[in-house]
Every structure is written in structure tokens, then in C-alpha cells.
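Reading through the C-alpha cells given below for one structure.
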2 protein chains.
Amino acid sequence: MEIKCAHCDMKSPAAGKLSLQETEKLSGNCLTVKFKKGDSIIKQGTYSTNVVYLRRGHVKIHIEGPYRVQVVRIVRSPSYLGLPTTFGDKVNHYSVSAIGECEVCFIDITTFRMLLTTNSDFSYQILIELCKGELELYNKCVNRTQKQIRGKLADMLIDFADNIFKTESFNLNITQEDIGNLVDASRESVSRVLTEFAKDGIIEIKSKRITIRDRQMLNNISRNG
Amino acid sequence: MEIKCAHCDMKSPAAGKLSLQETEKLSGNCLTVKFKKGDSIIKQGTYSTNVVYLRRGHVKIHIEGPYRVQVVRIVRSPSYLGLPTTFGDKVNHYSVSAIGECEVCFIDITTFRMLLTTNSDFSYQILIELCKGELELYNKCVNRTQKQIRGKLADMLIDFADNIFKTESFNLNITQEDIGNLVDASRESVSRVLTEFAKDGIIEIKSKRITIRDRQMLNNISRNG
DNA sequence: CTATTATTGTGATTTGAATCACATTTGTTA
DNA sequence: TAACAAATGTGATTCAAATCACAATAATAG
């Protein structure tokens with residue numbers, strides 16, 4: 001089950017900057033684990049003892065809010081998970097759960113920190129990844145609070161098609177309740193709007209599979225809704 | 001007007017890690033500028049050509065949203081501004097404006113990047129600052145979307161007292177419209193709730209000066225509102 | 001110091017979406 | 001595959017907050 005980092009076909013841009021020797025060091029302090037749908041990978045409130053790298057699969061990042069769970073975002077591999085926690089605070093500020101089969105590498109935090117200090121190209125890449133994540137978060141935040149449900153759902157569908165699944169037809173592995181918690185709407189409203197979209201021929205729903213039929217219209221709704 | 005970084009009394013934790021030689025290098029590539037209330041320090045959509053360090057004063061970070069301006073947060077010195085932009089994308093994703101007298105250092109980006117690569121303690125501190133910022137953003141995001149107006153305003157007042165002004169009595173230099181854009185509420189609702197708080201003796205309002213009178217109550221509202 | 005503009009206060013009305021309540025469908029497991 | 005649990009669909013009702021419409025105060029410039 002062990003995958004040598006040197007031969008990893010899912011290397012992060014940062015890991016690509018490591019020397020052979022450093023990659024060996026990483027390999028020796030890295031554990032690859034598989035997760036099934038629904039499994040918890042990082043749990044909010046627990047101590048963060050590893051850097052987590054999502055090698056394969058999709059996960060959701062969620063926070064226990066004051067009234068309900070907030071799904072912050074859906075992340076696809078490859079991506080580091082919980083970097084802000086690892087370095088910003090010892091305790092995990094959010095949970096991460098698999099929304100399908102996943103493969104995750106747990107990297108020893110001391111090793112990771114060592115690599116950061118010895119290899120500045122590596123740390124620069126990590127810095128860049130962090131920055132990009134934060135910018136994305138800013139935009140998500142603004143959209144979530146300003147648009148109304150139709151617009152937010154359109155945004156979500158576009159994001160799924162363009163960034164998460166990279167295809168116009170994808171298998172939603174999350175419930176409508178999750179979607180509601182992602183776009184800040186109630187489960188019922190999500191259901192209503194999604195069926196409305198289907199009636200208008202904008203999307204097609206076959207149980208959990210959603211296909212985008214009228215991308216133009218979806219863009220419109222995202223912009224004006 | 002030039003302040004030598006070596007003798008700067010407002011050095012960032014990161015800059016504290018620099019050697020004398022490196023600090024000299026920083027000094028030579030750093031320009032200190034004063035801003036007045038309302039002045040624009042960083043403008044969304046323009047190219048980011050400098051790392052910006054807020055040496056003294058308060059600023060607001062705001063984004064042009066689809067329907068209105070979103071005030072993302074209020075930041076007090078000392079703090080780097082726009083780091084995510086500098087490294088995540090060349091174009092500024094948000095604007096920064098002074099909400100009072102400010103002193104800001106513009107640091108040449110090439111110099112800054114050089115320091116990142118040559119001094120790993122420095123880059124580690126920057127990394128940590130980024131991580132903390134992102135975690136804070138997560139929490140802000142969740143609160144903003146889940147609590148209702150009373151709770152959000154209570155949160156804001158507590159944040160101002162504890163983190164921004166560090167006193168129970170502070171001079172709000174922003175309009176109620178700004179407050180609305182910060183907590184995601186209309187200007188009218190902000191006015192209503194603020195006067196309601198004042199009537200209930202929770203706060204005291206004297207033109208722009210707010211004094212927190214019943215901290216316990218404010219905490220309650222933040223928790224249950 | 002007056003004129004003009006920006007900001008704040010407050011009632012009446014409207015509205016988008018939450019909540020409630022239940023039916024229906026889909027999925028799971030014993 | 002029957003039986004139960006989880007997820008979804010849909011109408012009726014409620015509600016928090018936005019919007020509208022002005023009045024009343026600051027604040028600022030000429």
C-alpha cells in the first residue's frame with residue numbers, strides 16, 4: 001500500500017521542488033491511507049499532528065457553526081488540507097470528510113517543517129498555495145452573503161463543473177442538506193430551486209447525477225441572480 | 001520622513017527574524033508613506049507591485065461585490081496587507097482604505113521575495129501570519145452567514161473592543177453603512193439595532209464614540225443572537 | 001456662518017427564504 | 001426482499017430583514 005513519494009504521480013507543485021534526498025526523507029515520514037465515503041479525515045477540535053495531503057478523491061471542509069454545520073468548500077485532489085491549522089493553531093478549526101473514495105498522505109509535521117526551512121523553493125510553493133486558497137475564500141465569502149439562492153446554486157454548479165469535477169456531468173456525492181450548508185440555504189429551498197432548474201431545462205437530474213444542459217443560462221443566473 | 005527599519009519600533013514578528021544585514025537591505029527598498037482618513041492604499045483590480053506593511057493606524061479591507069461593497073474586515077497595525085494578493089495573483093483582489101491616519105511601508109516585492117528565500121525563519125513567520133489570517137477569515141465567514149443582525153453586531157463590537165481598538169470605548173471612524181457592509185446588513189437595520197442596544201444600556205453612543213457598558217449582555221447576544 | 005451634502009433615525013410595506021408539516025421516493029440492512 | 005431509515009418534493013405559513021419614504025441631524029465646504 002505504501003507509495004514512494006519519488007514515484008508519486010500526484011505530486012504537489014511544492015513537492016516537485018524537493019531534491020531526491022529530500023523526497024526520500026518525505027517518503028520515510030509519510031503514511032498513505034484510504035478513506036471511504038463519509039469517513040472523517042480531520043476532526044475539528046482535535047490536535048493537528050500531521051500535515052494532510054489529499055492525493056486522490058474529493059473531500060468537504062466543514063465547520064461546526066453556532067446553529068448548524070457550515071460546509072466551507074469542496075476540495076479535489078491534489079491539495080494540501082488544513083495547512084492553516086497546522087501552522088496557525090495547534091487545534092483543528094474545521095473538519096474534513098471524504099465525499100467519495102479518497103487517498104490521503106499524512107506527513108509528519110516535524111519533517112514538513114524541516115523541509116520548509118531547508119528548501120526555500122518548497123516553502124515558497126506552499127506559501128503560494130496558501131495565498132491562492134485565501135483569495136478563493138474571500139470571493140466565496142462575498143458571493144455567499146450577497147447573492148440569492150438561485151445565483152448561489154448556479155455558482156456552485158459552475159464551480160463543480162469547472163473546478164471540482166471538470167466535466168459538465170457529475171455525480172453529486174453529497175445530499176441536498178450538504179448543498180444547503182454549502183451555499184447557505186435550507187434543504188427545502190435547494191430542492192425547490194434545483195427542480196426548478198431542471199424544469200427550465202438548465203440542468204438534468206438523474207438521481208445523484210447532474211448534467212448541465214444550458215451553460216449560458218446558468219452563467220446568466222450566476223451573474224444576475 | 002524615512003524610518004530606518006533597524007530602529008523601527010513597529011517591527012513585524014517576521015522582520016524581527018532578519019539579520020542586521022538583511023534589515024539594511026529591507027530599509028533600502030522600503031518606502032514609508034502617510035495616509036489620511038478615507039485614502040485608498042490598495043485598489044482592487046490594479047497590479048500589486050509592492051508588499052504593503054501597515055505600521056500605524058487602522059484600515060478597512062473591502063471588495064467590490066456583485067451588488068454592493070463588502071467590507072471584509074478592519075485591520076489594525078502592525079500587519080501586512082495584501083500578502084495573499086502579492087503571491088497568489090498579480091492583480092489585487094480587494095481594496096484597502098485608511099479609516100484614520102495611517103503610516104504604511106511599501107516594500108519592494110523582489111527584495112521581499114529574496115528575504116523569503118534566504119531567511120527561512122522570516123518566511124516561516126510570514127507563513128504563520130498567513131495561516132492565522134485564513135483561520136480568522138473562516139470564522140468570520142461562518143458567523144456572518146449564520147447569526148442574525150443582533151448577534152453579528154455584538155460580535156463586531158466585541159471584536160473592536162478586544163482586537164482592533166483594545167479598549168471598551170472607541171471612536172468608530174466608519175459610517176453605519178460601512179458597518180452594514182461589514183456585518184451584512186442594511187444601513188437602516190444597523191441604525192435600529194445600535195439605538196436599541198443603547199436604549200437597553202448595553203452600549204453608549206456619543207456621536208461616533210461607542211462605549212461598551214454591559215459586556216456580559218453583549219456576550220450573551222453574541223452567543224444566542 | 002450659511003448652504004449643501006452626508007449621515008442617521010424611524011415608521012410602513014414588501015419580500016425572499018426559513019420553517020413547519022407531511023407525502024413520496026430512494027437507499028440500506030437485517 | 002421486506003422493513004426501516006434517509007433523503008427529497010411540495011404546499012402553507014411565518015418571519016427577519018430589506019426596501020421605501022421621509023424627517024432630522026451632523027459634517028463640510030464655500
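A note on names: the letters A, B, ... follow the listed sequences, proteins ahead of strands, and every chain is numbered from 1. These values consider heavy atoms only, across backbone and side chains, with no hydrogens, waters or symmetry-generated copies.
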Is it true that atom CZ of B:R73 has more than 12 heavy atoms of other residues, nucleotides or ligands lying nearer than 6.0 Å? yes

Carefully, step by step, assess B:L137 and B:V72 under the rule side chain to side chain contact (heavy atoms under 4.5 Å, CB included). CA-CA 9 Å; B:L137 195 55; B:V72 183; 4.0 Å; yes

By nearest heavy atom, map B:K37 and B:K152 onto DNA chain D; which one lands nearer the 5' end? B:K152

Contact span of DNA chain C against chain B, any nucleotide atom under 4.0 Å from a heavy atom, 5' to 3', runs C:dT7 to C:dA12

Would you please name every residue forming a salt bridge (Lys or Arg N to Asp or Glu O under 4.0 Å) with B:K11, sequence neighbours left out? none

Any ring-ring contact (aromatic ring centres under 6.0 Å, His included) involving residues 203-225 of chain A? Give me the pairs, sequence neighbours left out, ordered by first then second residue. none

Please report the interatomic distance CZ(A:F87) to CD(B:E134), rounded to the nearest 0.5 Å. 12.5 Å

Show each protein N/O and nucleotides 4-9 of chain D N/O combination with a separation under 3.5 Å, one pair to a line.
residue : atom : partner : partner atom : Å
D:dT8   : OP1  : A:K208  : NZ           : 2.9
D:dT8   : OP2  : A:Q176  : N            : 2.8
D:dG9   : OP2  : A:Q176  : OE1          : 3.2
D:dG9   : OP2  : A:Q176  : NE2          : 2.8
D:dG9   : OP2  : A:S191  : OG           : 2.8
D:dG9   : N7   : A:R187  : NH2          : 2.7
D:dG9   : O6   : A:R187  : NH2          : 2.9

Separation of D:dA17 atom P from B:I179 atom CD1, nearest Å, is 16 Å

Evaluate the side chain to side chain contact (heavy atoms under 4.5 Å, CB included) criterion for residues B:I74 and B:F165: first the C-alpha distance (whole Å), next the side-chain angles of each, then the deciding distance (0.1 Å), finally the verdict. CA-CA 10 Å; B:I74 308 293; B:F165 296 102; 5.8 Å; no

Taking the axis from the first five pairs and the axis from the last five, what angle separates them in the helix from C:dC1-D:dG30 to C:dA30-D:dT1, rounded to 10 degrees? 50°

Atom CD of A:Q146 and atom P of D:dA17: how far apart are they, to the nearest Å? 17 Å

Where do B:S12 and B:Y53 land on the side-chain hydrogen bond (donor to acceptor under 3.5 Å, both in side chains) test, with the steps shown first? CA-CA 9 Å; B:S12 70; B:Y53 179 67; 4.7 Å; no

Salt bridge (Lys or Arg N to Asp or Glu O under 4.0 Å) against A:D155, all qualifying residues, sequence neighbours excluded: A:K147

Let me know the distance between NZ of B:K36 and P of D:dT28, rounded to the nearest Å. 13 Å

Roughly, in whole Å, what's the span from CD in A:Q148 to C1' in D:dT19? 13 Å

Please determine if A:E196 and A:R192 form a salt bridge, counting it only when a charged side-chain N lies under 4.0 Å from a carboxylate O. no

Under 2.5 Å between the sulfurs of A:C5 and A:C30, yes or no? no

Pairing of B:R68 and B:D184 as salt bridge, 4.0 angstrom limit: yes

